[in-house]
Amino acid sequence: MATFLYRLGRFAFRRRRLVLMLWITVLAAVGIGAASVSAGTSDSFTIPGTQSQKALDLLGKEFPGASAAGATARVVFEAPGGQKLTSGGNKAEVESLVADLEKAAQVADVADPFTSGTVSKDGSVAYAQVTYKVVQADVTDRAREDLKSVADRGDKAGFAVSMGGNAVQVKSEQSAGELIGLAVAAVALVITFGSLLAAGLPLLTAVFGIVVAVSAITLTSAFVDLSSSTSTLALMLGLAVAIDYALFIVSRYRGEIREGHEPQEAMGRALGTAGSAVVFAGLTVVIALAGLSIIGVGLLTDIGLGAAGAVAIAVLIALTLLPALLGFAGPRIMKGKLKTRRMRAIEERGEGEPVGVRWARFVTRNPVKVLAVAVAALFALAIPALSLQLAMPSDSSAAPGSTQRIAYDTITKGFGPGYNGPLTVVVDARASDDAKGAAQDAITLLGKMPDVASVSPATFNQAGDVALIRAVPKSSPSSQDTVDLVSAIRDRGTALHEDTGAELMVTGTTALNIDISAKLGDALVPYLAVVVGLALVLLLLVFRSVLVPLKAAAGFLLSVLATLGVVVAVFQWGWFAGALGVDQTAPIVSLLPIFLVGVVFGLAMDYQVFLVTRMREEYVHGAEPTEAVVAGFRHGARVVTAAAIIMISVFAGFLLSDTALIKSIGLGLAVAVLLDAFVVRMTIVPAVMALLGRRAWSLPRWLDRVLPDVDVEGEKLRHLLAKEQEQEKEKEREQAKTKAGTGTEDTEGTRGSEAVSTARG
């Protein structure tokens with residue numbers, strides 16, 4: 001590996017114009033392709049293998065005019081104080097507004113509140129259920145404007161009109177988070193290198209890679225349905241890792257030049273060592289992200305593969321385009337007018353010790369105390385995770401004062417919380433001898449259940465063998481009582497099937513959310529087994545040690561538990577919510593924990609590889625275990641610190657998003673990097689390494705023979721270069737001897753000629 005990357009680095013440096021032109025060609029191709037396609041994105045969930053999805057598919061087939069999978073909206077009317085909507089003038093006005101709703105763009109059906117029974121007992125609140133012909137992602141701006149126009153006319157008529165449902169939701173606009181992250185990253189890079197040129201190259205390659213990745217995702221969306229969050233998360237992760245990878249290679253390149261190597265040779269050596277770490281760090285992130293596809297939830301598959309592609313592009317650019325740009329930069333990359341006096345003293349004159357070295361010496365002198373404090377702190381942060389509650393975003397979690405939240409609260413006040421999440425019960429009686437009898441039995445079954453507030457009459461398909469029933473729970477959509485109710489209905493459906501031959505299924509938004517949470521919970525253990533297992537194999541190859549990968553995995557578990565604790569404390573308990581722009585407390589989005597586990601594992605292994613690889617390199621080259629730890633910090637602590645600050649800045653910038661999932665992911669990843677980089681990798685790791693000593697690098701002989709040697713630390717490359725240098729010196733000595741011998745013979749021949757000439761004379 002190291003030898004191959006050494007040659008690749010020299011090639012890209014030497015043939016920089018060719019490499020640059022190839023990447024510009026790639027950018028132009030995907031850019032033109034992305035600009036020429038017209039493709040939409042989708043936020044709908046498909047969860048194959050679940051009862052709710054099976055029922056939805058059946059409804060789409062048997063009730064084609066009902067738009068079972070179409071977007072929905074609830075238009076809620078509240079009468080002025082002391083009045084009723086059922087009075088003559090108010091009723092006529094509401095009916096007129098409902099008639100206007102039926103004429104709105106893309107509307108398939110509107111349920112009149114006076115005929116469908118959605119008027120509160122006191123007559124003060126009513127709502128019309130609107131079903132659209134298209135899914136949420138395809139609802140046009142005109143359709144939303146028509147909906148708002150009806151609401152505005154209702155307000156002018158004296159009603160309090162609010163709207164809920166997924167058709168009301170608009171796509172979140174891109175925030176300035178990326179720009180803020182880039183600005184902080186630029187400052188961190190300038191401080192690290194003391195040079196605008198050296199700081200600019202990682203930013204330039206990162207932006208280049210992100211443009212390629214996002215363009216490729218846009219082009220792909222023309223052929224495959226992708227979630228609208230795919231590009232956002234690919235941008236978030238791709239930008240962070242791209243800057244980090246370039247930072248490590250540029251730092252190593254400058255270090256090789258300081259050791260006296262020519263620029264081309266320094267580039268080869270830098271890529272052969274730091275480049276190997278980049279490859280394996282990138283592989284762990286790609287594995288963690290791509291592994292999200294095994295869960296079977298379309299949204300996770302989209303964002304996982306999209307972000308994995310962005311990381312892969314970042315690795316390729318760091319290994320090829322970056323060396324080419326360093327070739328163009330030439331010796332100017334070493335010039336830094338922005339260095340502090342202390343930086344110049346340490347780098348140029350070798351005076352004093354960096355802060356990272358002093359910290360490493362402190363930790364290795366007091367490993368037990370430091371380890372105890374760090375682990376205790378992480379466990380303390382993890383305590384809120386014990387009260388973790390999961391739910392999918394809904395109108396109940398909308399911002400206070402928004403029309404969705406007002407509609408939710410008004411329906412709760414007028415009807416009860418369950419009316420915000422009615423259950424769609426499907427009776428598939430195609431295999432039954434008495435379809436109507438089976439449907440009536442289902443209605444009777446539902447009516448006897450204690451947590452059911454109301455049951456609607458059955459609506460049959462054209463063939464009369466599939467029935468649709470609406471059951472309203474007494475509890476809110478996200479409550480445990482509703483989860484238990486769905487489970488109870490499905491359990492009793494088994495008895496109905498045995499008695500009538502009809503299959504009873506529960507679907508709808510509430511049931512879909514419950515099934516998504518259950519599927520994510522069931523998939524967590526196998527996902528961890530696959531992702532962590534593969535990543536541990538990679539780390540075993542990198543470090544040729546059993547204890548170091550296991551220690552890395554244990555540190556990751558501490559990081560992710562503490563991160564979940566912080567997320568719960570902010571989003572669920574409300575700690576520092578106002579300062580972080582969180583409008584209200586709510587359960588954590590169900591997708592977050594498993595996504596966080598995958599991404600945090602990949603990022604945690606980044607710092608493990610970058611920091612510990614340098615420790616192993618020093619150990620392999622003869623340093624004592626504790627001195628190898630200190631040496632690893634001497635060369636890597638400053639760069640790892642800058643890399644962590646950059647990642648934290650990029651992720652924290654996404655707190656400015658108005659989407660709950662993106663906001664929570666941004667905070668989660670920022671906290672995870674903060675804890676993993678500074679507490680786990682730069683505190684716990686050196687403490688454990690000091691306690692383990694040489695045992696940290698031990699590997700059973702049989703395993704040593706089985707494992708291929710990928711030479712991440714560049715030991716084989718070092719011997720190869722030393723051998724080549726010795727051969728070059730030997731060649732120079734031979735040439736010198738040959739030249740010296742030829743010179744002697746020429747001198748003697750000249751003297752002989754002169755003697756003959758004298759004799760002749």
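This chain uses plain numbering: 1 for the first residue, then up along the sequence. A quick note: this is a predicted structure, and the numbers were derived from the prediction, not measured.
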How far does CG of L611 sit from CZ of R681, to the nearest 0.5 angstrom? 9.5 Å
Between A652 and A670, which heavy-atom pair has the shortest distance, and what is it? N-CB, 4.0 Å
Please report the interatomic distance CG(L18) to CG(L22), rounded to the nearest 0.5 Å. 4.5 Å
Please say whether more than 12 non-hydrogen atoms of neighbouring residues, nucleotides or ligands are located less than 6.0 Å from CZ in F678. yes
Determine, step by step, whether Y253 and L271 satisfy the side-chain contact (heavy atoms from CB on, under 4.5 Å) criterion, reporting the C-alpha distance in whole Å, the side-chain angles of both residues, the deciding distance to 0.1 Å, and the verdict. CA-CA 8 Å; Y253 171 70; L271 212 63; over 6 Å; no
Do E256 and E265 touch side chain to side chain, with heavy atoms closer than 4.5 Å? no
Please report the interatomic distance CZ(F208) to CG(L20), rounded to the nearest 0.5 Å. 7.5 Å
Would you name the heavy atoms of I249 and A318 that are closest together and state the gap between them? CD1-O, 3.5 Å
Run L316 and W23 through side-chain contact (heavy atoms from CB on, under 4.5 Å) and show every step you take. CA-CA 10 Å; L316 290 175; W23 273 111; 4.1 Å; yes
Validation row: Y245, V311 side chains within 4.5 angstrom (heavy atoms): yes
Looking at R269 and E259, does any basic side-chain N land under 4.0 Å from a carboxylate oxygen? no
Can you see which heavy atom on G9 is nearest to which on P323, and at what distance? O-CB, 4.2 Å
For R14, I'd like to know if atom CZ has over 12 heavy atoms of other residues, nucleotides or ligands within 6.0 Å. yes
Should M689 and V548 be marked as a side-chain contact (heavy atoms from CB on, under 4.5 Å) after you check the CA-CA gap, both sets of side-chain angles, and the distance that decides it? CA-CA 8 Å; M689 297 290 283; V548 170; 4.3 Å; yes
Calculate, to the nearest 0.5 Å, the distance between atoms CG and CG belonging to L197 and L204 respectively. 10.0 Å
Could you check if a side-chain atom of I243 sits within less than 4.5 angstrom of a side-chain atom of L203, using non-hydrogen atoms only? yes
Which heavy atom of L667 sits nearest a heavy atom of L655, and at what distance? CB-CD2, 3.7 Å
Can any side-chain N or O of Y527 pair as donor or acceptor with the backbone N or O of A288 at less than 3.5 Å? yes
A side-chain contact here means heavy atoms from C-beta on lying under 4.5 Å apart; do I217 and S231 qualify? yes
Closest non-hydrogen atom pair between R16 and A324, with its separation: CB-O, 3.5 Å
Any sub-3.5 Å donor-acceptor pair from R695's side-chain atoms to L692's backbone N or O? yes
Any side-chain heavy atom of V640 within less than 4.5 Å of one from F248? yes
Would you say that R638 contacts F633 through its side chain, given a criterion of any heavy-atom pair below 4.5 Å between the two side chains? no
Expected output: side-chain T284 to main-chain A281 donor-acceptor under 3.5 Å: yes
Going by heavy atoms in the side chains, are V546 and L703 under 4.5 Å from each other? yes
Any non-hydrogen side-chain atom of F11 less than 4.5 Å from a side-chain atom of Q264? no
Keeping the roles fixed (side chain from R361, backbone from R358), state whether a donor-acceptor pair exists under 3.5 Å. no
Give a yes or no on whether the backbone of G555 and the side-chain of S559 come within a donor-acceptor separation of less than 3.5 Å. yes
side-chain contact (heavy atoms from CB on, under 4.5 Å) between L675 and L558: does it pass, once the steps are laid out? CA-CA 9 Å; L675 296 177; L558 286 174; over 6 Å; no
Hey, is the main chain of L322 close enough, under 3.5 Å, to the side chain of T205 for a donor-acceptor pair? no
What distance do L674 atom CG and I648 atom CD1 have between them, rounded to the nearest 0.5 Å? 4.5 Å
Is the backbone of S698 close enough, under 3.5 Å, to the side chain of R544 for a donor and an acceptor to pair up by distance? no
Shortest non-hydrogen contact between G306 and A234, atoms and distance: O-CB, 3.7 Å
Looking at M682, is its backbone amide N or carbonyl O close enough to the side chain of W359 to form a donor-acceptor pair, meaning the two atoms are under 3.5 Å apart? yes
How many angstroms lie between CG in L305 and OG in S293, if you round to the nearest 0.5 Å? 5.0 Å
